[in-house]
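Any value given below was found using the heavy atoms of this structure, including those in side chains, with hydrogens, waters and symmetry copies removed. Reminder, nothing fancy here: chain letters follow the sequence lines and each chain counts from 1. Note that this is a predicted model, so its numbers are computed, not measured.
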Amino acid sequence: MAESPIYFTTPIYYVNAEPHLGHTYTTVVADSLVRFWTARGRDAFFVTGTDEHGDKIAQAAEKAGVTPKAYADRISGIFRSTWEATGLQPGWFVRTTDPQHTAFVQKILHEIHARGDIYFGSYTGLYCTGCERFYQERELVNGVCPDHKTAPVEIAEENYFFRMGAYQERLLALIEAQPELISPDGYRREVLGLLREPIGDLCISRPKARLQWGIELPFDDRYVTYVWFDALLSYVSALHAAGRPELWEHAHHLIAKDILKPHAVFWPTMLMAAGLPMYQRLHVHGYWQMNQDKMSKSLGNVVRPLDMQARYGMDAFRYYLLREMSFGQDAEFSEAALVTRLNADLANGFGNLASRVLAMQQRYFQGVMQPRAPEGPDLPLREAFVTARRELDAHVSQLAIHRGLESVWRALDHANKYVTDTAPFSMAKDPAKKPRVGAILHELCETLRVTSQLLAPFLPETSARLIALLGLPSATLTELDLPWGTAFAEGHRTLAPEPLFPRIDVVPE
RNA sequence: CGCGGGGUGGAGCAGUCAGGCAGCUCGCGAGGCUCAUAACCUCGAGGUCGGUGGUUCAAAUCCACCCCCCGCAACCA
């Protein structure tokens, strides 16, 4: 392929919580984009995984009476099995406790240290002995620790620091020279704002006296590294583990806005210090806002992907997430809105079209495909799908997946209108018009086939089912990009319809 | 002047970067069709695109100022 490979990452998820809506959204986007580019003939790959070190995990494990490793194994396993069960297919699942990752982090730390960009210094802060952690001024409630209600003491601690500030000018110049590096543009401006102030250096260690659950510094065994040097490097280490190190220079990171700073400031300066190529793009999305009233009743305010899958089907859940959120903006999550989308777009718009077409094909021709004879409205129908494909590609390339889906649905609307306008169900009563009826249904079967292919990255299960109902091999979905009108050989048979998306008539509370 | 996001018919939103008849879903009213998942199609009511001023042949879109709402501010996507 002429086009370069493309490598997507989700954040690696912290194992202090089980998979929720936010994790699922980013992972669904990554999965869909990989399927999309793969379908366009591009070498596409995505990595997700779990971030397992640190204070909170050590504490949670202690509370649960297990070792940190055992605790992390359990939650990490839940992430992995959840993605597997929901059909999200990362090319690699990285864990920060993987020996390969640990070794990679130590190698990079060693190199940066040897180059003089990591130094030993003193850190002064407000420390709560109960929590065994430092507090920021603003985190305190009336000057005391919110947990222990005691005043923290100011202590100095010796630690290692990364000379992040030394790379500030280079980073600023980079972002100004490559406006597309961080998108949407609002987040780029936010980063430029951050860079107007001195960014300072970054504390990257914790003494083992306070924290053992981490990766030991290769140059001082009294310390472990803390958070970002560990987590961010997983984006690269995962590729080494997966045997695809060459993909690094094609990296596109998908993140939510809360971790913008680490990804837009810490990470690029770390890459510069490590002498690694810069990532291609940082794509920042917004939050799903919850309406507490609605969610708290049935779900305890947590949206679990497996629950959504069980209740509505994974494709409907995927569709809702992709269609409802404008990437970069916040969106509101509600099951009522999900049901509306499911009924209006999936059941009535798409599913019903498949039902009526396959039913007529069955009723009038026992499923046997009739020859085409394009005339009048047939050409505009095909054009509608050509346009849909062009718009879908343009929008998805810019991560405007919601607009891409909207384009496909415009074509589906056209197809439903085509059925009404050409009225094959009326003509079928006149034997002389049977050939035209067959030709119309042939065009409509093509719309279903093309729709399956266009939507396969976003609705993989449904697309596969529809291709099967059309009597086509599953390879059609991914490998055969056939010109319109050539997919169905003479004598081809389609199957009887079955609902792709049952309507949901009970609106959730 | 901390940073960012938002304010578009009854509800929820897209469209703003690359200015050109104001679009989608739901809801409401009327009609059509009967192949289909009580689905589909047509027509209609409903908006001075938060406000004011400016640029332009042309502004929801660009510029300036103002009003209101919401997040964030070192580890929840």
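Across the protein-nucleic acid pair, A:Asp345 atom CG and B:rC26 atom C1' stand 11 Å apart, rounded to whole Å. Atoms OH (A:Tyr312) and P (B:rU37) sit 23 Å apart, rounded to a whole Å. Separating the CZ atom of A:Arg410 from the P atom of B:rU25 is a distance of 10 Å, rounded to the nearest angstrom. One interatomic measurement links the two molecules: CG of A:Leu412 to P of B:rC24, which rounds to 15 Å at whole-angstrom precision. One can place CD1 of A:Ile12 at 17 Å from P of B:rC75, the figure rounded to the nearest angstrom. Between the OH atom of A:Tyr320 and the P atom of B:rU25 there is a distance of 17 Å, rounded to whole Å. Across the protein-nucleic acid pair, A:Glu332 atom CD and B:rC70 atom C1' stand 12 Å apart, rounded to whole Å. Going from atom CG of A:Leu346 over to atom P of B:rU25 covers 14 Å, rounded to whole Å.
Listed pair A:Arg503 / B:rA39 meets the phosphate criterion, a side-chain N or O lying under 4.0 Å from OP1 or OP2. An OP1 or OP2 oxygen of B:rC75 is reached within less than 4.0 angstrom by no side-chain nitrogen or oxygen of A:His53. Taking only side-chain nitrogens and oxygens, A:Arg341 never comes nearer than 4.0 Å to OP1 or OP2 of B:rC26.
Looking at the side chain of A:His402, the nearest of the listed nucleotides B:rC75, B:rG15, B:rA36 is B:rG15. If you check B:rU25, B:rA77, B:rU37 against the side chain of A:Ser355, the one that comes closest is B:rU37. Of the candidates B:rA36, B:rC41, B:rA14, the closest approach to any side-chain atom of A:Arg356 belongs to B:rA36. Here the side chain of A:His285 is nearest to one of B:rA36, B:rA77, B:rC13, namely B:rA77. Comparing atom distances between the A:Asn352 side chain and each of B:rU37, B:rC35, B:rA36 picks out B:rA36 as nearest. Of the listed nucleotides (B:rC41, B:rC24, B:rA77), B:rC24 has the atom at the smallest distance from the side chain of A:Arg323. In the set B:rA39, B:rC17, B:rA77, B:rA39 carries the atom at the smallest distance from any side-chain atom of A:Asn348. For A:Phe425, the listed nucleotide lying nearest its side chain is B:rC35; candidates were B:rC35, B:rA77, B:rU37. The side chain of A:Ser326 approaches B:rA14 more closely than any other nucleotide in the set B:rA14, B:rC40, B:rU34. For A:Glu406, taking side-chain heavy atoms from C-beta onward, the closest of the listed nucleotides B:rA14, B:rA77, B:rA36 is B:rA14.
B:rU34 and B:rC41 have their C1' atoms separated by 12 Å, given to the nearest Å. Taking atom C1' on both B:rC75 and B:rU61, the two are 38 Å apart, rounded to the nearest angstrom. Comparing B:rU16 with B:rG50, their P atoms sit 15 Å apart, to the nearest whole Å. Of the C1' atoms belonging to B:rU55 and B:rC62, the separation is 8 Å, rounded to the nearest Å. The same atom, C1', is picked in B:rA38 and in B:rA18; the two are 45 Å apart, to the nearest Å. Straight-line distance between the C1' atoms of B:rA60 and B:rC13: roughly 14 Å, to the nearest whole Å. A distance of about 12 Å separates the C1' atoms of B:rC57 and B:rG19, rounded to the whole Å. Nucleotides B:rU42 and B:rG4, compared at atom P, are 44 Å apart to the nearest Å.
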N/O to N/O distances under 3.5 Å, protein versus nucleotides 2-5 of chain B:
from, atom 1, to, atom 2, distance (Å)
B:rG5, OP1, A:Arg189, NH2, 2.9

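Ionic pairing of A:Arg304 and A:Glu18 is not present here: no N-O contact between side-chain nitrogen and carboxylate oxygen is shorter than 4.0 angstrom. A salt bridge is defined here as a Lys NZ or Arg NE, NH1 or NH2 lying under 4.0 Å from an Asp or Glu carboxylate O, and A:Arg449 with A:Glu446 meets this definition. A salt bridge links A:Asp31 with A:Arg35; the closest basic N to acidic carboxylate O contact falls under 4.0 Å. In summary, A:Glu335 and A:Arg311 engage in a salt bridge, as defined by a charged side-chain N under 4.0 Å from a carboxylate O. A salt bridge does not link A:Arg281 to A:Glu180: none of the charged side-chain nitrogens sits closer than 4.0 Å to a carboxylate oxygen.
Between A:Tyr319 and A:Trp409, the angle of the ring planes lies from 30° to 60°, which puts this pair in the tilted group. The aromatic rings of A:Phe79 and A:Tyr13 sit parallel, their planes meeting at an angle under 30°, below the 60° perpendicular limit.
The residue A:Trp288 sits close to a base: some heavy atom pair falls under 4.0 Å. Among the atoms of the strands shown, none is found under 4.0 Å from any heavy atom of A:Ala337. Contact annotation for A:Ala347: base contact, defined as any heavy-atom pair under 4.0 Å involving a base atom. Within the 4.0 angstrom heavy-atom criterion, no nucleotide atom of any strand lies near A:Gly328. Using a 4.0 Å heavy-atom criterion, one finds that A:Tyr364 contacts the sugar-phosphate atoms exclusively. Looking at heavy-atom distances under 4.0 Å, A:Gln362 makes no contact with the nucleic acid at all. Among the heavy atoms of the strands, none lies under 4.0 Å from A:Pro424.
Secondary-structure annotation of RNA chain B gives the stems B:2-7 with B:67-72, B:10-13 with B:23-26, B:28-32 with B:40-44, B:50-54 with B:62-66, with a stem taken as at least 3 successive Watson-Crick or G-U pairs whose two distances both fall under 3.5 Å.
Nucleotides of RNA chain B nearest to A:Asn343 and A:Leu254 differ in position, and the one nearer the 5' end is that of A:Asn343. If A:Thr420 and A:Leu353 are placed on RNA chain B by their nearest nucleotide, the residue sitting closer to the 5' end is A:Leu353.
Residues A:Leu441 and A:Tyr364 come closest through the heavy atom pair CD1-CD1, 4.1 Å.
Residues forming a ring pair (Phe, Tyr, Trp, His ring centres under 6.0 Å) with A:His283 (at least two apart in sequence, or on another chain): A:His252.
Atoms OG1 and NE2, from A:Thr26 and A:His285 in turn, are 3.0 Å apart once rounded to the nearest 0.5 Å. Atom CZ of A:Phe229 and atom SG of A:Cys203 lie 11.5 Å apart (nearest 0.5 Å).
With no hydrogens or angles considered, a side-chain donor-acceptor pair links A:Arg410 and A:Ser407 at under 3.5 Å. Side-chain contact of A:Tyr235 with A:His263: a donor-acceptor pair under 3.5 Å is present, judged by distance alone.
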